[in-house]
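Along the sequence shown, residues carry numbers from 1.
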Amino acid sequence: MPLLQVLRPTLPILIGASIMLTLSMGLRQSLGIFMQPLTHDIHISISDFTLALAVQNLAWGFLQPLAGAMTVRYGFRPIMIVGALMYIVGLILMATANGLVSIMIGAGVLIGTSLACTAAAIAMSVAARAVPETVRSTVLGIVSGAGSLGALLSAPIGQLLNEGFGWRIGLAGFVIMSVLMIPAAWYAGRVDRIPLPKPSADDIGDATAATAARTAFGNASFVVMTCAYLVCGMQLVFLTTHLPSYLAICGLDPMLSAQTLGMIGGFNVLGSLFFGWAGQRWNKLALLGAIYILRSLALAWYFMLPATSFSTLLFGAIMGFLWMGVGPLVAGAVAEMFGLRWQAMIQGLAFMSHQIGSFLGAYGGGVLYDALGSYTMAWRIGVALGLAGGIVQVAFALIRPSQPPAPVLRTA
C-alpha cells in the first residue's frame, strides 16, 4: 500500500507535530546569532550567555522524562500547549532583557522547560503512536526531516532582523514565529484519540513509571545508547552556540553564520529522511555510532583548516546531514525495545545524558574560550569524545544486538 495512503488519516497529527518540532528546534538552534550583540549591549560575558543556554539544556534534559510521564496521565495535547506558551514567554523575556537574570529565566529555565514539552522526544512519540509499525521508522525520519526546516528559515530571518534593526527586533520576530506552535500543538494533540496497540507479551505498557524506568536501565543496549548520546548533545550544542562567535573571530561575514545554520537545517532534512529509511532496514544502534564517528571526523577536518566561506558552508552541509538523523533512530530503538506507552518517558531518560553533554558543549566551550582565548581545546575534546563514543556504540551494537525487555508485572 502506498505510504501516503497509509498516512492519510493521521496527516493532521503528523503535520502538527512537524511544525511544532521545526519551530521549537529551529528557533532554539538560532539563538547563538544574537550572542555577540546581546552580550555587548546588556554588559554580560560570553560565558554568562552560554551559562543560560547550558541551564536551558539541563532543564530540557532533566524535565523531559517528567513531561513524557505526564503525557501518559494527561495526554499529549495539554503538555504540548503549555510548552508552547512557555516558549513564547521565554522569548519575550529575552527580547526585553536588560541583565543576566532575564536571560537566565527566559533563555534558560522557560525555553528549556518548553523544549521538554515540544521538542524531539514528544514529537517523535506522537508520530510513532500515529502510524503502523511497518512504516514507523520511515515516518519518524520524515517528521524529523520536516522538523529540521526551522533552522533553515529562522537563522536567516533572525540574522536579517538583527543586522537591520537590532537584536531585540530579531528576537521579537522569533516571538511572532513561536506563536504558531500553539495551533500546531493542538492538531498534534489529536493523537490522544488514537488507542495504543494491543500490548505484546514482552511489552511494558502495563508497568508503572518506576518499573518502566528500572526495566530501561536494566537493558544493556539502552544504557550504552544513553551514554553515547552524551557525545551527540555536546557536539551539536557547541556548534549552535559557538560557531557564530568563531566565525566572527575569523573575520568572516556575520551573515555566514546564519547561512551555515540554514545549510545545516537544509541538509538536516536529507539526513533525517535517509536515516529514517535506513533504520527501517539496518541496526539502528550501529547507525547511531556511525553518525557520531562521522561527525567527529568532520569537526576535526573543519577546525584544523583555516576557515573560509566555502569550507564553512560545506561543513554545515556535512554536519546537517548527520544532525537530526539521530532522532528517528533513538525513537525507533526505544519503541522497539519498550513499546509505545512509556516511549516518551524512556526516550526522555536517554535524553538526560544528551543534555548533560549539551551543558558541557555550551558552557564548557564558553569557559575554555574565556580562559584560553580560542576554541582549539574545546573542539579537540569534542572530537576525541565523539570518536570514543561512536566506536563503543558501533562495537556493542554489532556484538550484542538490542533485545526487547523481559515481561514485567504491574506493581503498585
Side-chain angles (χ1 to χ4, degrees), residues 22-57 59-60 86-112 114-115 150-179 181 236-265 312 316 358-359 361-363 365-366 369-370 375:
T22 202
L23 289 170
S24 65
M25 292 298 293
L27 296 175
R28 173 248 180 190
Q29 290 171 359
S30 303
L31 292 179
I33 289 172
F34 306 107
M35 179 164 63
Q36 291 283 351
L38 184 153
T39 54
H40 182 268
D41 190 30
I42 66 173
H43 308 294
I44 63 175
S45 68
I46 294 293
S47 57
D48 286 335
F49 184 84
T50 56
L51 176 60
L53 297 188
V55 168
Q56 174 196 109
N57 285 292
W60 181 9
M86 295 183 74
Y87 209 118
I88 295 167
V89 175
L91 286 172
I92 290 173
L93 278 179
M94 283 191 71
T96 57
N98 289 302
L100 179 59
V101 174
S102 295
I103 297 296
M104 191 68 67
I105 296 174
V109 177
L110 287 176
I111 293 181
S114 170
L115 288 164
L152 183 64
L153 299 173
S154 60
I157 290 172
Q159 186 65 41
L160 286 171
L161 292 173
N162 180 35
E163 289 186 347
F165 305 98
W167 64 271
R168 293 188 189 274
I169 298 300
L171 283 169
F174 277 17
V175 171
I176 295 171
M177 294 169 66
S178 67
V179 172
M181 292 173 63
L236 298 192
V237 175
F238 171 75
L239 283 178
T240 56
T241 304
H242 296 286
L243 184 61
S245 177
Y246 176 75
L247 295 178
I249 293 168
C250 295
L252 295 172
D253 185 350
M255 192 62 186
L256 181 61
S257 62
Q259 293 169 342
T260 304
L261 291 175
M263 184 74 76
I264 288 173
T312 301
S358 298
F359 176 91
Y363 185 55
Y369 176 77
D370 283 347
Y375 285 111

Any chance you could measure [X], atom [atom1], to [Y], atom [atom2], to the nearest 0.5 Å?
X: Thr22; Y: Leu27; atom1: OG1; atom2: CG; result: 8.5 Å
X: Met104; Y: Leu51; atom1: CE; atom2: CG; result: 4.0 Å
X: Arg168; Y: Leu161; atom1: CZ; atom2: CG; result: 15.0 Å
X: Leu160; Y: Ile169; atom1: CG; atom2: CD1; result: 14.0 Å
X: Leu256; Y: Thr312; atom1: CG; atom2: OG1; result: 5.0 Å

[X] side chain to [Y] main-chain N or O, any donor-acceptor pair under 3.5 Å?
X: Ser114; Y: Leu110; answer: no
X: Ser154; Y: Gly26; answer: yes
X: Gln56; Y: Ile111; answer: no
X: Asp48; Y: Ser45; answer: yes
X: Trp167; Y: Asn162; answer: no
X: Thr39; Y: Met35; answer: yes

- prompt: Is the centre of the Phe174 ring less than 6.0 Å from the centre of the Tyr87 ring?
  reply: no
task: For Leu91 and Met177, run side-chain contact (heavy atoms from CB on, under 4.5 Å): C-alpha distance rounded to whole Å, both residues' side-chain angles, the deciding distance at 0.1 Å, then the answer.
output: CA-CA 10 Å; Leu91 286 172; Met177 294 169 66; over 6 Å; no
